[in-house]
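Data block below; observations after.
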Amino acid sequence: MSEILVVDDEPALLRTLRINLGARQYAVRTAATGGEALARAARTSPDAVLLDLGLPDLDGMDVIRGLRSRSAVPIIVLSGRADAADRIGALDAGADDYLTKPFLMDELLARLRAVLRRPPVTAGPAAPAPVIGDHTVDLAATTVTGPDGPVRLTPTEWRILSLLLAHPGRLVPGRRILREVWGPAHEERGNYLRVYLAGLRRKLERDPARPRHLITEPGIGYRYEP
């Protein structure tokens, strides 16, 4: 029996997919947030993932990258985003297929059967876990471990950190972080980011006043330097 992880924050759709997949002898697990999806995938190693992009905590693109950093599990995106740029972005991030909502259940089931028929990919060595100072970050398990044990991050800190870690060495514009973490209405609230980045540095950097990993590009954005 193949296990399918369904990731969506719409209860009605989760219920519909659970019923339809269960009737065809799939074992169904569900998650309503990106963090929950990454943690569940790390624990149970599903045979396929059905993933919505519009999640309340993490952008679906970052969830795809988080899954791909650990696994070759087939990922089918189920999204209301119909633009070609979104489809291309999801496929480039590592998704195997993309269906726009609303979709036909029979078509989804056919595409699911197709990805499950593919021979398993032999994975290479796992990418090393990101390190910030003396702390190791496990994105899949949403944990940070330092010399004195686990470090607690708030949900907002996790969203910001996940976005930066998904683009190592690359600048992430501040407006993009504000848009993806707080929403489009907050793109001018740069003070939010200054406060949260200062908090992350206090928790993770060896010398918060002279950060080596969580770097500010004044007036532009932020980047994670491995």
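Nothing fancy with the numbering, it's 1 onward along the sequence. Quick caveat: nothing in here was measured; it's all calculated off a predicted structure.
Cluster annotation: Leu204 is connected to Val181 through the hydrophobic network of ILVMFWY side chains, with a link wherever side-chain heavy atoms come within less than 4.5 Å. Val144 and Leu163 fall within the same hydrophobic cluster, where Ile, Leu, Val, Met, Phe, Trp and Tyr residues are linked whenever their side-chain heavy atoms come under 4.5 Å apart, directly or through other members. A continuous path of ILVMFWY side-chain contacts below 4.5 Å connects Leu116 to Leu99, so both sit in one hydrophobic cluster. Cluster annotation: Val7 and Leu21 are assigned to distinct hydrophobic clusters (Ile/Leu/Val/Met/Phe/Trp/Tyr, side-chain heavy-atom contacts under 4.5 Å, transitive). Residue Ile220 is not grouped with residue Ile215 when hydrophobic side chains (ILVMFWY) are merged at heavy-atom distances under 4.5 angstrom, including chains of intermediate members.
Closest approach of Ala95 and Leu91 over heavy atoms only: O-CD2, 3.5 Å. Residue Thr154 comes nearest to Glu157 through the heavy atom pair N-OE1, 2.9 Å, listed as atom of the first residue, atom of the second, then distance. The two residues Thr100 and Tyr98 make their nearest non-hydrogen contact at OG1-CE2, 3.9 Å. Between Ala129 and Thr136 the shortest heavy-atom distance is CB-CG2, 3.6 Å. Of all heavy-atom pairs between Ala37 and Leu5, the closest is O-CD2, 3.8 Å. When every heavy atom of Pro56 is checked against every heavy atom of Ala32, the shortest pair comes out as CD-O, 3.5 Å.
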| Worked verdict on Leu58 versus Glu36 for side chain to side chain contact (heavy atoms under 4.5 Å, CB included) | CA-CA 10 Å; Leu58 302 177; Glu36 183 184 356; over 6 Å; no

| message | Walk me through whether Arg15 and Thr30 qualify under side-chain hydrogen bond (donor to acceptor under 3.5 Å, both in side chains). | response | CA-CA 9 Å; Arg15 186 166 54 251; Thr30 62; over 6 Å; no

| said: side chain to side chain contact (heavy atoms under 4.5 Å, CB included) for Leu17 and Leu14? Distances and angles first, verdict last. | reply: CA-CA 5 Å; Leu17 290 172; Leu14 285 178; 5.6 Å; no

| Run the side chain to side chain contact (heavy atoms under 4.5 Å, CB included) check on Tyr222 and Leu193 step by step: do they pass? | CA-CA 9 Å; Tyr222 300 85; Leu193 283 181; 3.7 Å; yes

| Tyr224 and Val137: CA distance, side-chain angles, deciding distance, side chain to side chain contact (heavy atoms under 4.5 Å, CB included) verdict | CA-CA 12 Å; Tyr224 162 63; Val137 183; over 6 Å; no

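The backbone N or O of Thr16 lies less than 3.5 Å from a partner atom in the side chain of Asn20, making a donor-acceptor pair. Put simply, the side chain of His135 never gets that close to the backbone of Val131: no donor and acceptor are under 3.5 Å apart. Panel note: side chain His213, backbone Glu225; a donor-acceptor pair is recorded below 3.5 Å. Between the side chain of Lys203 and the backbone N or O of Leu153, no donor-acceptor pair lies under 3.5 Å. Remark: side-chain polar atoms of Asp9 are not paired, donor with acceptor, to backbone N or O of Leu55 under 3.5 angstrom.
Using a cut-off of 4.0 Å between Lys/Arg side-chain N and Asp/Glu carboxylate O, Arg68 and Asp96 are scored as salt-bridged. Ion pair Arg223/Glu217 flagged as a salt bridge, since at least one NZ, NE, NH1 or NH2 atom sits closer than 4.0 Å to an Asp/Glu carboxylate oxygen. The existence of a salt bridge linking Glu205 and Arg210 is excluded, since no basic side-chain nitrogen approaches an acidic carboxylate oxygen closer than 4.0 Å. Taking 4.0 Å as the cut-off between side-chain N and carboxylate O, Lys101 and Asp52 count as a salt-bridged pair.
Applying the side-chain hydrogen bond (donor to acceptor under 3.5 Å, both in side chains) rule to pairs touching residues 102-112 yields Asp97-Arg111, Glu107-Arg111, sequence neighbours excluded. Residue pairs satisfying the salt bridge (Lys or Arg N to Asp or Glu O under 4.0 Å) criterion with at least one member in residues 129-138, sequence neighbours excluded, are listed as follows: Arg70-Asp138, Asp134-Arg206.
Rounding to the nearest 0.5 Å gives a distance of 10.0 Å between CH2 of Trp158 and CG of Leu200. Remark: Thr142 OG1 to Leu161 CG distance equals 11.5 Å, nearest 0.5 Å.
With a 4.5 Å cut-off on side-chain heavy atoms, Ile4 and Leu112 count as touching. Residues Val63 and Leu38 have side chains in contact (heavy-atom distance under 4.5 Å, counting atoms from C-beta outward).
Considering Leu214, Leu165, Ile177 in turn, Ile177 is the only one that fulfils the side chain to side chain contact (heavy atoms under 4.5 Å, CB included) rule with Ile160.
Listed by chain and number, the residues in a salt bridge (Lys or Arg N to Asp or Glu O under 4.0 Å) with Arg176 are Glu180 (sequence neighbours excluded). Take Tyr196 and apply the ring-ring contact (aromatic ring centres under 6.0 Å, His included) test, not counting sequence neighbours, and it matches Trp182.
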Result block: side-chain N/O donor-acceptor pairs under 3.5 angstrom for residues 42-51, not counting sequence neighbours:
| from | atom 1 | to | atom 2 | distance (Å) |
| --- | --- | --- | --- | --- |
| Thr44 | OG1 | Glu3 | OE2 | 3.2 |
| Thr44 | OG1 | Arg40 | O | 2.9 |
| Asp47 | OD2 | Glu3 | N | 2.7 |

Counting only pairs under 3.5 Å, give me each side-chain donor-acceptor contact of residues 72-89, with atom names and distances, residues two or more places apart or in other chains.
| from | atom 1 | to | atom 2 | distance (Å) |
| --- | --- | --- | --- | --- |
| Ser79 | OG | Arg81 | N | 3.0 |
| Arg81 | NH2 | Leu53 | O | 3.4 |
| Arg81 | NH2 | Asp59 | OD1 | 3.2 |
| Arg87 | NH1 | Ala82 | O | 2.5 |

